[in-house]
2 protein chains.
Amino acid sequence: MPTTSPPLSPTPRTTVVRGHRRATADRAALHDVLRHALVCHLGVVVGEGADAHPVVLPTAFGWDPDGPDEGGSLYLHGSVASRSLRAAPRATVCVTLTLLDGLVLARSAFHHSANYRSAVVLGTPRVVTDPAERGRALDLLVEQVVPGRAATLRAHTRKELAATSVLALPLHEASVKVRAGDPVDEPDDVAAGAWAGVLPLRQVAGDPQGAADAGAPVPLDVRRRAAALAPH
Amino acid sequence: MPTTSPPLSPTPRTTVVRGHRRATADRAALHDVLRHALVCHLGVVVGEGADAHPVVLPTAFGWDPDGPDEGGSLYLHGSVASRSLRAAPRATVCVTLTLLDGLVLARSAFHHSANYRSAVVLGTPRVVTDPAERGRALDLLVEQVVPGRAATLRAHTRKELAATSVLALPLHEASVKVRAGDPVDEPDDVAAGAWAGVLPLRQVAGDPQGAADAGAPVPLDVRRRAAALAPH
């Protein structure tokens with residue numbers, strides 16, 4: 001599929017060393033992961049000196065392919081009191097998005113693997129201070145999980161905005177790895193005749209469950225999302 | 001459910017500061033996450049001094065609740081040439097396991113959330129050198145994704161074992177967060193009468209897909225796993 005977006009520009013930090021056959025320096029592959037992921041894992045370094053260590057937390061994200069950062073903007077949010085978000089703007093963080101597509105079940109333990117699409121983004125986050133961009137970013141966090149939903153909600157209040165940190169990460173320094181297809185076994189193991197294959201995996205939605213105090217029918221945006229993620 | 005395992009012993013590093021109502025200092029909750037997760041996210045710090053930054057990669061894991069490390073052992077593996085695994089034994093790493101159970105769709109963007117079960121494990125990995133433990137760990141990596149499968153595979157070869165690094169992380173310094181249930185909305189928003197609820201999510205398996213060179217019917221271990229992960 002042709003695209004006018006620039007290709008990924010991996011630095012030495014994001015150049016995939018192991019499994020380079022699975023690295024696709026392709027902005028369309030990054031966008032595919034960003035379009036389908038519902039959460040990301042944010043890695044930050046906390047502590048100083050000998051106490052410095054990584055912390056990895058699952059978190060929601062928003063994506064604006066036309067955002068003001070190079071390569072587009074990935075938005076993170078959290079409480080203004082969050083330790084990991086407070087540490088983030090001072091240093092490089094890593095955001096990893098993973099879509100697990102299947103278990104690759106080979107004839108040997110050694111060749112077991114997974115089919116997946118995974119993106120690793122490195123960068124120093126920008127604290128978003130512009131009120132309009134903050135509001136848009138928080139809308140995009142909702143849009144990421146249920147497209148069309150943000151427009152159906154009431155506006156953010158000043159109190160809510162004041163309680164929320166918003167960070168933007170450029171989608172410039174990124175690498176994508178994709179594995180798909182059959183196991184790759186040793187010829188002797190294939191000749192021995194055992195089964196091998198893939199157990200496909202998919203994240204699916206059940207029926208929307210109204211809250212105990214839900215006073216209205218399930219809205220269209222939620223019904224559409226449930227249908228898009230329905231088992232098939 | 002009564003358990004004879006020791007409770008989690010969070011250090012200041014793993015004490016949950018934000019969202020402490022969602023932290024359950026409960027070894028049974030950690031085991032629930034370990035039992036159901038198919039991948040984890042490994043965070044390491046790479047580089048030195050000002051170049052030090054976190055890298056987060058999805059990876060397989062194995063779990064031995066009775067392993068030799070305090071709290072049981074979480075096993076990681078990789079190529080002996082892997083950058084992140086080479087860096088790991090010298091310093092603290094973070095392994096995060098996340099099960100996404102649902103999208104929490106509130107009446108305001110602010111109260112949107114997710115239902116999830118998530119574990120964060122910190123520790124300095126031990127390089128596993130004992131041949132018997134290495135073989136057991138590599139079996140557990142297969143057992144994690146398809147219980148019963150390791151016993152059906154041929155033995156690891158010496159060449160495969162020599163090419164594989166195995167690390168063990170104690171499951172001692174860990175924290176677990178769980179969110180479940182309805183959105184929690186502002187009373188004014190509830191009174192306004194809009195819908196709110198949860199879109200439940202689940203990772204499901206499709207039918208096993210035999211490789212092009214598969215020479216046998218789908219084995220029992222794989223059929224059982226597909227059935228356990230079938231949409232329902």
Side-chain angles (χ1 to χ4, degrees), chain A residues 17-18 38-39 41 43-45 52-56 58 79 82-83 92 94 96 98 100 103 105 108-110 112 118 138 142 145-146 150 153-154 156 160 182-183 190 193-206 208-216 218-219 222 225-226 231, chain B residues 17-18 38-39 41 43-45 53-56 58 79 82-83 92-94 96 98 100 103 105 108-110 112 118 138 142 145-146 150 153-154 156 160 182-183 190 193-206 208-216 218-219 222 225-226 231:
Chain A
V17 177
R18 304 301 310 163
L38 297 174
V39 295
H41 282 79
V44 299
V45 179
H53 63 87
V55 170
V56 178
S79 160
S82 148
R83 277 192 300 183
T92 302
C94 181
T96 298
T98 303
L100 185 59
L103 304 174
L105 307 174
S108 61
F110 188 76
H112 272 62
S118 174
L138 295 174
V142 171
V145 294
V146 180
L153 304 173
R154 67 157 170 78
H156 312 285
E160 288 169 351
D182 284 351
V190 176
W195 182 89
V198 171
L199 188 63
L201 295 173
R202 187 161 167 259
Q203 193 164 49
V204 302
Q209 308 289 319
D213 56 11
V218 181
V222 176
R225 190 50 158 161
Chain B
V17 177
R18 305 300 311 165
L38 297 173
V39 295
H41 281 79
V44 299
V45 179
H53 63 88
V55 170
V56 178
S79 161
S82 149
R83 278 192 300 183
T92 301
V93 305
C94 181
T96 299
T98 303
L100 184 59
L103 304 174
L105 307 174
S108 62
F110 188 76
H112 272 62
S118 173
L138 295 174
V142 171
V145 294
V146 180
L153 304 173
R154 67 154 169 80
H156 312 285
E160 288 168 352
D182 283 352
V190 176
W195 182 89
V198 171
L199 188 62
L201 295 174
R202 188 161 167 258
Q203 194 164 47
V204 302
Q209 308 289 319
D213 57 10
V218 181
V222 176
R225 189 51 157 162

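Convention: sequence-line order gives letters A, B, ...; per-chain numbering from 1. Computed from a predicted structure; not experimentally measured.
Interface summary for chain B: among A:L103, A:V142, A:L105, the most heavy-atom pairs under 4.5 angstrom belong to A:L105. Contact count versus chain A (heavy atoms, under 4.5 Å) is highest, among B:R225, B:R202, B:H156, for B:R202. Here B:A205 is the residue among B:G43, B:G215, B:A205 with the most heavy-atom pairs under 4.5 Å with chain A. Note on B:A212, B:A214, B:G206, B:P200: by heavy-atom pairs under 4.5 Å with chain A, the leading option is B:P200. Of the listed residues (B:D213, B:V190, B:V222), the greatest number of heavy-atom pairs within a distance under 4.5 Å of chain A belongs to B:D213. With respect to chain B, the highest number of heavy-atom pairs below 4.5 Å among A:A194, A:P231, A:G210, A:A52 belongs to A:G210.
Contact detail for A:A216 and B:W195: the closest heavy-atom pair is O-CD1, 3.1 Å.
With a 4.5 Å cut-off on side-chain heavy atoms, B:C94 and A:V56 count as touching. Side-chain atoms of A:P54 and B:V45, non-hydrogen and from C-beta on, do get closer than 4.5 Å to each other.
Defined by atom type and a distance below 3.5 Å, a donor-acceptor pair is missing between the side-chain atoms of A:T98 and A:H41.
Looking at A:L201, both its backbone and its side chain come within 4.5 Å of chain B, counting heavy atoms on both sides. Contact of A:V218 with chain B is made through backbone and side chain together, with heavy-atom distances under 4.5 Å.
Partners of B:H53 under the side-chain hydrogen bond (donor to acceptor under 3.5 Å, both in side chains) rule, at least two apart in sequence or in another chain, do not exist in this structure. Shown here are the side-chain hydrogen bond (donor to acceptor under 3.5 Å, both in side chains) partners of B:S118, two or more places apart in sequence or in another chain: there are none.
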